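All values derive from a computational prediction rather than experimental measurement. In each ligand, atom 1 is the first atom listed, and ligand 1 is the first ligand listed. What's counted below: heavy atoms across the whole structure, side chains too, no hydrogens, waters or symmetry copies.
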Amino acid sequence: MKGITIIKHPLVQHNLTRLRDKRTGPQEFRRVLSEVAALMLYEATRSFAVRPRRVSTPLAPANGFELEREVVLVPVLRAGLGMLDSILQLIPHARVGFIGLKREETTLRATFYHKSLPPELSRFEVILIDPMLATGGSAVAAMDLLTELDVKRVRLVNLVAAPEGIRLVRQHYPSLPIFTAAVDKKLNSKGYILPGLGDAGDRLFGV
Ligand code: PRP
Ligand code: URA
């Protein structure tokens, strides 16, 4: 699938399976989701632009690199929060914006309840973070907002995607790079991913 990177690294797949396991309680779920997010970030940032930077070691000058652009991390509340801390540890200078979206249970339509994003987003590399891509409604709503705010470079870091969600995102944002650990079979009648991992927000926060 064009523009979709399925991260098959053994540690990512091992941890994804622990997250799928219904016996994994909130404490372990939080820890494993955080670990898997850090592993996925390596792949998701592989194409970040760098520019040359010359520094002096204690012994001699050295040619190195630095990231060309600053980074903004945008977790989609609530479940995206579970992937934020470990990513922030890897990019400690990143800024963080928040998008609060809630899917209505019957219509499955995502509505905003919170938006707080740094100004001048067009300057940044933006990483949109949401472990679940089900109908795709939340990802498209988040992308609509980022597009209104003139974001130029954005990628989606996701854990489990449904084909339906990928199709919807592709219709609206054909060139959005998507990084995921799995593309599952389909959605059930209530809009949950099968086999998926259940309700990520509830499992994360023990609701
Ligand atoms: C979940 C999940 C995604 C969304 C995916 O959030 O974290 O944001 O559903 O579904 P979609 O692709 O069909 O839009 P939810 O709205 O349940 O909120 P929560 O994270 O607070 O549980
Ligand atoms: N949101 C979740 O948390 N899980 C799903 O399977 C679908 C939407």
Side-chain angles (χ1 to χ4, degrees), residues 1 3-4 6 15-30 32-34 36-37 40-41 44 73-87 96-117 126-147 154-174 176-207:
M1 272 172 284
I4 299 193
I6 300 173
N15 283 332
L16 168 62
T17 306
R18 286 165 71 195
L19 292 168
R20 289 192 193 275
D21 190 336
K22 66 180 183 190
R23 295 169 303 178
T24 301
Q27 195 177 349
E28 197 191 349
F29 193 92
R30 275 196 288 276
V32 177
L33 182 59
S34 185
V36 86
M40 292 181 73
L41 188 80
L73 308 175
V74 182
V76 176
L77 308 178
R78 289 172 304 168
L81 282 180
M83 300 174 85
L84 177 65
D85 276 359
S86 60
I87 293 181
V96 183
F98 296 94
I99 295 180
L101 278 165
K102 185 70 195 158
R103 252 183 15 158
E104 206 275 315
E105 273 181 25
T106 46
T107 63
L108 300 181
R109 287 191 55 183
T111 49
F112 286 99
Y113 60 86
H114 184 73
K115 302 170 187 174
S116 81
L117 291 154
V126 176
I127 305 180
L128 183 62
I129 303 167
D130 192 336
M132 308 308 283
L133 178 61
T135 64
S138 302
V140 168
M143 280 300 298
D144 288 347
L145 174 63
L146 295 177
T147 306
V154 57
R155 55 201 72 205
L156 172 64
V157 176
N158 161 249
L159 185 69
V160 184
E164 293 89 334
I166 292 173
R167 269 198 299 277
L168 190 77
V169 172
R170 276 285 159 267
Q171 270 169 28
H172 292 257
Y173 295 97
L176 172 70
I178 302 174
F179 296 87
T180 190
V183 178
D184 277 7
K185 280 203 188 71
K186 59 175 185 173
L187 299 178
N188 72 8
S189 59
K190 294 187 169 160
Y192 281 90
I193 302 173
L194 290 178
L197 49 75
D199 188 308
D202 286 2
R203 293 196 62 193
L204 192 55
F205 296 111
V207 176

Is Ala200 near ligand 1, meaning one of its heavy atoms is under 4.0 Å from it?
-> no
Polar contact flag for Met132 and ligand 2 (N/O pairs, less than 3.5 Å) = no
Looking only at non-hydrogen atoms, which of Arg103, Arg203, Lys190 approaches atom 8 (C) of ligand 2 most closely?
-> Arg103
Give a yes/no on ligand 1: does Asp199 have at least one heavy atom closer than 4.0 angstrom to it?
-> yes
Are any of the N/O atoms in Gly191 less than 3.5 Å from those in ligand 2?
-> no
Closest to atom 6 (O) of ligand 2 among protein heavy atoms sits Ile193 N, 2.8 Å
The protein heavy atom nearest to atom 3 (O) of ligand 2 is Ala200 N, 2.8 Å
Quick one: does Leu108 get within less than 4.0 Å of ligand 1, heavy atoms only?
-> no
Quick one: look up the protein heavy atom nearest atom 22 (O) of ligand 1 and list residue, atom name and how far away it is.
-> Arg78 NH2, 2.8 Å
Just let me know how Ala110 lines up against ligand 1, side chain, backbone, both or neither, with a heavy-atom cut-off below 4.0 Å.
-> neither
Quick check: does Met132 get an N/O under 3.5 Å from an N/O on ligand 1?
-> no
Considering heavy atoms of the protein only, find what lies nearest to atom 5 (C) of ligand 2 and give residue, atom and distance to 0.1 Å.
-> Tyr192 CD2, 3.4 Å
With only distance considered, is Ala134 within less than 3.5 Å of ligand 1 through an N or O on each side?
-> yes
